[in-house]
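Order of the sequence lines sets the chain letters (A, B, ...), proteins ahead of strands, with each chain counted from 1.
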Protein chains: 2
Amino acid sequence: MRNISSNRFDDGRDGTVRISDVARHAGVSPSTVSYVLSGKRSISETTRRRVLDSIDALGYRPHAGARSLASRRSNVLALVVPLREDVHVPVAMRFAVSVVTAARDHDHDVLLLTQGEGPAGLRRVAGSALVDGVVVMDVETDDARVPVLRSLGLPSVLIGVPADTGGLTCVDLDFAAAGSACVDHLADLGHRDIAFVGQPASVYGRRTGFAERTLAGFESAARRRGLRATFHPCDPAGAGGLASALVRDRPGLTGLIVHNEASLAPLLDAFAGHGRVPPEISVVALGPPPPGVPELTRVELPAEELGARAVSLLMDRIEGPERPGVTLLEPRIVPGGSTAPPAG
Amino acid sequence: MRNISSNRFDDGRDGTVRISDVARHAGVSPSTVSYVLSGKRSISETTRRRVLDSIDALGYRPHAGARSLASRRSNVLALVVPLREDVHVPVAMRFAVSVVTAARDHDHDVLLLTQGEGPAGLRRVAGSALVDGVVVMDVETDDARVPVLRSLGLPSVLIGVPADTGGLTCVDLDFAAAGSACVDHLADLGHRDIAFVGQPASVYGRRTGFAERTLAGFESAARRRGLRATFHPCDPAGAGGLASALVRDRPGLTGLIVHNEASLAPLLDAFAGHGRVPPEISVVALGPPPPGVPELTRVELPAEELGARAVSLLMDRIEGPERPGVTLLEPRIVPGGSTAPPAG
DNA sequence: CCCGGTCGTCGAAGCGCTTCGACGACCGCT
DNA sequence: AGCGGTCGTCGAAGCGCTTCGACGACCGGG
């Protein structure tokens, strides 16, 4: 064990340990310590060990600012979270947490930006080299941030798919496939007459795209399978009325696909009021498990996987050359107790 | 307008503008630009203007790493968000957003840390000088992070109050006062016989402290006002039974204080089943407005105010000498339609 | 009119790290 | 034995900013 320098000198006067302290303690030069840490040049195993031992003997942590100045890498990612009321907050949180976790796996930290700052926030963190890249959640079809991102030259990954994806890297759930999967699930069980209860009417054609894509998936699959299939926009207040109308007008209806988190509970209550409860009428939910409603068959939104994927794509963009493209995650049907073959 | 240097030189080859570019463009030295930006020395109004004009003519943004290296300030705050399932996610999100907003008002950005990393995360960001201070949300009575914070010498503010607050800066809602305020509200309306429906029994005495503090406030106020008052822990599954029992055993009961977000809806449903709906029986809720339940009289959790306060206290700690202490925010009763003088 | 003080500005010295080029030492060839 | 080629290490030169001390210029008071 070589321990050249005396302890008196090892701790700098204000308590922080610098790379030169480690170097002295290990009997090497600062650059060697740096190379041990970065692995950018080969270092003999003996030296490596000695340096690493010194590092944790002294409790050394590289100064983030100095590192980012010298290496032109901050090892920080920005995450833009949505503020809008209509995003499901717990899901957004799951995203955020998974992004942080994934970022840590790649030795990065995460800076939180809110929608509130908009493009200005992106410009700021990009311009000041505060972050190496950015993950933008909840991207709309015509998102004001998209042109900014394109112009900024900051590596970025979008969660969600805007209208023009040229030059962009995007990740999202394959909502069209999700819509189809629900239809196929019901058709496979033998259902011939189903209804799709969607978002409030105003949502379609407006912004997010995911609603239309789901609906399109539903419609094409229903056509393919030759089902009687109808579409009904819905809001929580109208759920009761819709249920009554369906019960009255569609006696042959045996399957329901519900893509509307907020209306799910009132809708089920209303159907129950008409004596129709799952699985006597089959119900497939699209979205997060609503609180209080038990074990529905549903398509999960794989927030954790999306977050991790977004980060991993972002890291690729940061390291390597840009290779844009849209990644759509395969939806998975989670069986619950709410679907069964139709009666009779 | 003096524009000494030619544009060819103003834009560095990789597109980033440095302080020296601004200086040249404005015909001053880099240090002068720095002083204009920091305000740490007086600068003549003419020079100031000229520098500021150059800054936005060139689109200059100081390099965050360089700045933090030289000034020993990163202008970044860490925010530790809870992961536990039992915190109300939308409320946590409101906190987080308000912290970010407040931080931006103080020219700081926010780094997101998750509970998952625990003390190690705090050590990391502190040791590497990544952040100037940290806001810790959802602090428990015996929180493992508290000793770490104390030892780290990193300025910090806790949202929540641990058992030992020595040397710490904490902010929280005054839950005892909230409990009292509910009692006073009902007593002022003329109620003489009330019940407090609390968290599941296991919560009391365990970790968060806020439950006990609320209960203590309830009890002391009830005693002070001379009310008949009882306490009932409750979980969602037991809400129906509790309602029946109360209706049966407490015919004189006219007021309910509910400190249990999850049980609120089933409890109200159960009371409604016995023909007792607000405001015929008065109900005060403690906590965030539950979805679907309309306009209850309640005590709000002032997340925005707490977040802003936490940041402002943290900034004080970062700038000035440490001045620890516990700040409790006054609760506010938000009138809804669910309380009225007792019948008869 | 001279002198001490303030004001506004500048130059230079770091902050702590990474990275480039250089350079011995040692290897296996001819 | 001599030679090119790795391999492992070092020294020095920045990265872009802040900040300290210095220093003219200008002010008002004796």
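- In this structure, B:Ser71 reaches the sugar-phosphate backbone alone: every heavy-atom distance under 4.0 Å involves primed, P, OP1 or OP2 atoms, never a base.
- We find that A:Glu319 and A:Arg73 are joined by a salt bridge, their nearest charged nitrogen and carboxylate oxygen being less than 4.0 Å apart.
- For the pair B:Leu58 CG and D:dG16 P, the interatomic distance rounds to 15 Å; values are reported in whole Å.
- One finds no side-chain N or O of A:Ser68 lying less than 4.0 angstrom from the OP1 or OP2 phosphate oxygen of C:dC17.
- Here C:dA12 sits opposite D:dT19 as a Watson-Crick or G-U wobble pair (both hydrogen-bonding atom distances under 3.5 Å).
- Between the base of D:dC20 and the side chain of B:Tyr35 there is a donor-acceptor pair shorter than 3.5 Å.
- Distance, A:Asn75 CG to C:dT18 C1': 13 Å, rounded to whole Å.
- For the pair B:Lys40 and D:dT19, the criterion of a side-chain N or O lying under 4.0 Å from OP1 or OP2 is met.
- For D:dG11, the base has a donor-acceptor partner in the side chain of A:Ser31 [N/O atoms by modelled type, under 3.5 angstrom].
- Looking at B:Arg150 and B:Asp164, their side chains come closer than 4.5 Å, going by heavy atoms from C-beta outward.
- DNA chain C is contacted by both B:Leu69 and A:Ser38; B:Leu69 maps to the nucleotide lying nearer its 5′ end (nearest heavy atom per residue).
- A:Ser42 comes within contact range of at least one nucleobase, with a heavy-atom separation under 4.0 Å.
- The NE2 atom of A:His63 sits 7 Å away from the C1' atom of C:dC15 (whole-angstrom rounding).
- Atom CG in A:Leu37 sits roughly 7 Å away from atom P in C:dT18 (whole-Å rounding).
- Here the nucleotide nearest the side chain of B:Ala70, chosen from D:dC10, C:dG11, D:dG16, is D:dG16.
- Ion pairing of A:Arg24 with A:Asp21 is present here, as a side-chain N (NZ or NE/NH1/NH2) and a carboxylate O approach within less than 4.0 Å.
- Donor-acceptor pairing under 3.5 Å, judged by distance alone, is present between the side chain of A:Arg41 and the base of D:dT9.
- The distance from atom CD of B:Glu45 to atom C1' of C:dT9 is 16 Å, rounded to the nearest whole Å.
- In this structure, B:Val76 and B:His108 have side chains that are not in contact, with every pair of non-hydrogen atoms separated by 4.5 Å or more.
- Between B:Arg67 and the phosphate of D:dG16, there is no side-chain N or O to OP1/OP2 separation shorter than 4.0 Å.
- The residue among B:Ala66 and B:Val28 whose nearest nucleotide of DNA chain C lies closer to the 5′ end is B:Val28.
- Spacing between atom CG of B:Asp132 and atom P of D:dT18 amounts to 14 Å, rounded to whole angstrom units.
- Contact check, A:Arg72 against D:dG16: a side-chain N or O comes under 4.0 Å of OP1 or OP2.
- Sparse packing is recorded around CZ of A:Arg309, with 12 or fewer heavy atoms of other residues, nucleotides or ligands lying under 6.0 Å away.
- When the P atom of D:dC17 is taken as reference, atom CG of A:Leu130 falls 13 Å away, rounded to whole Å.
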Report the C-alpha separation of A:Ser34 and A:Ser31 in whole Å, then their side-chain angles, then the decisive distance to 0.1 Å, and conclude whether the side chain to side chain donor-acceptor pair (under 3.5 Å) test is met.
CA-CA 5 Å; A:Ser34 177; A:Ser31 48; over 6 Å; no
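- A sub-4.0 Å separation between OP1 or OP2 of C:dC17 and a side-chain N or O of A:Ser20 is absent.
- In this structure, A:Ile19 places its CD1 atom 11 Å from P of C:dT19, rounding to the nearest Å.
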